[in-house]
Amino acid sequence: MKIFILLFLLLNSFSNYSFAQTKTPSKAEIKKLAKKAVADLNNADFEESISTSRQVLHYATKIGDNYLIAVSYNTIAANLDQISEYDKAIFYYNKGLSHANKTNNNSIKNFINNNLGNVYCFEKKQYTKGINYYKKSLEYSQKDADTSQIVFTKLNIAWAYFDIGQFEKGYPYLEFLNKYNAKFGAESTNVIQNMLNGMYYGHKGENPKAESYFLKAIALGKSGDQKSDLSYSHQEYSKFLLKNKDYKKAYENLDLYNKITEHLYNDEKINKADIAGVHLELDEYKREVDKIEIEKNLQAQSLKKSRIIVVLFILALNVLLLLLYSLYKNYKFKKKANKELTLANQELLIAKEKAEEASLLKTQFVSTMSHELRTPLYGVIGITNMLLDEHKELANSPHLSSLKFSARYLLSLVNDILHINKIEENRIVLENLAFNVSDEINMIKKSLSFIAQNNNDKIAVKVDPNIPEYLIGDKLRLSQILMNLVGNALKFTKNGKVIITANLVEVKNKSHYIEFKIEDNGIGIATVDQDKIFEKFVQVGRNDNDYQGTGLGLAIVKRLLTLFNSYITLESKVGVGTTFKFTIAFDHDPVKTKEIINNIKVDLSSSQIFKILVVEDNKINQTITKRIIEKNNCSCIMVDDGFQAMEILGKEVFDVVLMDINMPLMNGFETTRKIRLKGIKTPIIALTAFAKDEIIEEVISAGMNDIMVKPFEPLKLFKIINDQINKTRNAG
Ligand code: ADP
């Protein structure tokens, strides 16, 4: 055996230690246990040594002391080395070394490296590797200036080199030993030191010198009872003698070597007797060691895991916080947005109410205004008619016809405004009247001949002969459409021609589709303006001198045509002319036509003279109405207001009352209510410039019997008068 280095230094303070403790001992106590394990090893009690080392390893691992872990592994490995389990020994030395390297303790690093050097050199015969371990060991002992350790290791290195015949490499180490021993005299190494000198000088061929070293080594070995060192000395001396052909002596020494080795072997055999048990223990121990390792790994893993969990938890927490924050932000934003939306909604509601109010005001304004305008216009037209009636010589007066035209134009304008208002409010319902297409167109031609003359235009009318004589439909709205279109054609054409065409394009059951075409060769409309002109109050490219209009005409046309479920198309080229086209389906129904015509025929056959009271504040209207009534052989009494009406009705009996609605002091409705309260049942007909459907409800609730819209056609008025008188008489 080579020089073994264990924790000898610790041994001195070793005392017996009882190990029946369950709780982890203190570090000092563990150290004591470690020393005991070394002592057991030295006493060749391998089983005890390993078992104790196992406990040391267990406690050292528990308290995480790398030095003690390394110490216990070193002892375990040394035990295995001793029982020739070299591979296992190397395994545990390496484990010990890895823990030793984690400490600042140089001696433990030195010990383990030295022991590894021993196994590799002398058991595994891997000298280079072994010598490297020795040299490493040497570095550590030199760091600590631990001379005894230096001596051991240097001796091992020299021996290793000599074993492989590298004497010159090993000699410096031996030289150091020689000097050291000369100075201090080291008992434990002097046998081997002399033997190595013998080997060296034998190699050098300095035989007497070699001889004397070998003999000294043997003598020292004998006296010091260093049996294994002595055996090595005999062996090497025998080799030397053999080499020098001294066979007899060589044999004797070899024999001595064998004897000592045999003796040593027998001792070992005793030890080996325990080995079986040790092996079992070892396996168990190995399992324990593995378990400890696994536990350690598990601990590390669970530590790693818990670290990961903590990191994940922190991450999750951060994400959660972020989420919470964004939710909060979102909530705030939504709240704000909601608030803004509510505000905006409120504003919109207010705006809507305002718009509705404004629209209502507009409607009211428009209808009041048009009413107010229609009354005086009614006067102007009425008086013009009267003048023409009374003064036949003026029939051809251009001034009078101009006045009549202007008045009518103004009236139609007022009507236009009222109309467009009504159409927009969906208050227009088309009426069913019987009419002749040709008559209507010619009437329009006639009424616009004044403009035609002014502009030196010719109007041509082409009516398809296939169109039936009578059609049923709203002829008034149709003439309104034609008036607008023909009027425009004439206005925007000078020295030209306007052609009005009506063609029957399709017949479906009773429905006759008539296509109307108004063609002129006037100034035309630029393409860019062609859509715009159908909007309200739009006029394009005109200078003031040309023409003054309202820009309402085409807007009304477009809206009226939608009432007829139709639409207008336009073709125009600047400087060439314009063509407007639209198609309307009118009914052709002779039976219905007859009914309608009969309905408006007034039975004036009776020679009865009706007594009519007219309640009217407007003097002009009074004159006009009076004239119409008297012209129809009726007597007429005029009063200016409701009070007078009540008074006279209290005294006289009338066949019918014509009551204006819009009067100062007391309006027509109120007057009627008071009359009815007095029990007077005379039929009362409302005379009004309002549209019939606007006031019908109030008329009835006030106790009136019917409505006549101004300006009225005399025929219609007398039809109503007749109807009412007949009704009353039949009832009476
Ligand atoms: P108004 O005639 O009162 O101005 P309209 O709505 O009838 O309003 O017409 C709108 C505009 O369309 C007119 O100002 C005119 O410029 C253009 N227009 C309509 N008809 C014709 C036409 N036959 N020839 C040329 N321009 C026309």
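Counting starts at 1 for both ligands and their atoms, following the listed order.
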* Take atom OH of Y470 as the centre, draw a 6.0 Å sphere, and report whether it contains more than 12 heavy atoms from other residues, nucleotides or ligands. =>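 Not buried by this count: 12 neighbours or fewer within 6.0 Å.
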
* Assess whether atom CG of N495 is packed by more than 12 heavy atoms of other residues, nucleotides or ligands within 6.0 Å. =>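 Count over threshold, so yes.
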
* To do: For ligand 1, note which part of D529 has a heavy atom under 4.0 Å away: side chain, backbone, both or neither.
  =>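 Neither part.
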
State the atoms of ligand 1, each with its element, that fall below the 4.0 Å cut-off from a heavy-atom position in [X].
| X | answer |
| --- | --- |
| D520 | 22 (C), 23 (N) |
| I525 | 18 (N), 21 (C), 25 (C), 26 (N), 27 (C) |
| K491 | 2 (O) |
| G524 | 25 (C) |
| A489 | 23 (N) |

* Quick one: sort the F534 and F580 rings into parallel, tilted or perpendicular, breaks at 30° and 60°. =>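 Aromatic pair F534/F580 classed perpendicular.
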
* State which residues pass salt bridge (charged side-chain N to carboxylate O under 4.0 Å, His left out) with K354; sequence neighbours excluded, sorted by chain then number. =>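 Per chain and number, K354 pairs via salt bridge (charged side-chain N to carboxylate O under 4.0 Å, His left out) with no residue.
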
* To do: State plainly whether the residues E390 and R627 are in salt-bridge range, i.e. N to O under 4.0 Å.
  =>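 Yes.
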
* Asked: Using 4.0 Å as the upper bound for N to carboxylate O, is an ion pair formed by K719 and D723?
  ->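 Yes, D723 and K719 are salt-bridged.
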
* Is the shortest N/O to N/O distance between L554 and ligand 1 below 3.5 Å? ->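 Between L554 and ligand 1 (N or O atoms, distance only) the closest approach is under 3.5 Å.
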
* N484 near ligand 1 by a heavy-atom separation under 4.0 Å ->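 Under 4.0 Å: no for N484.
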
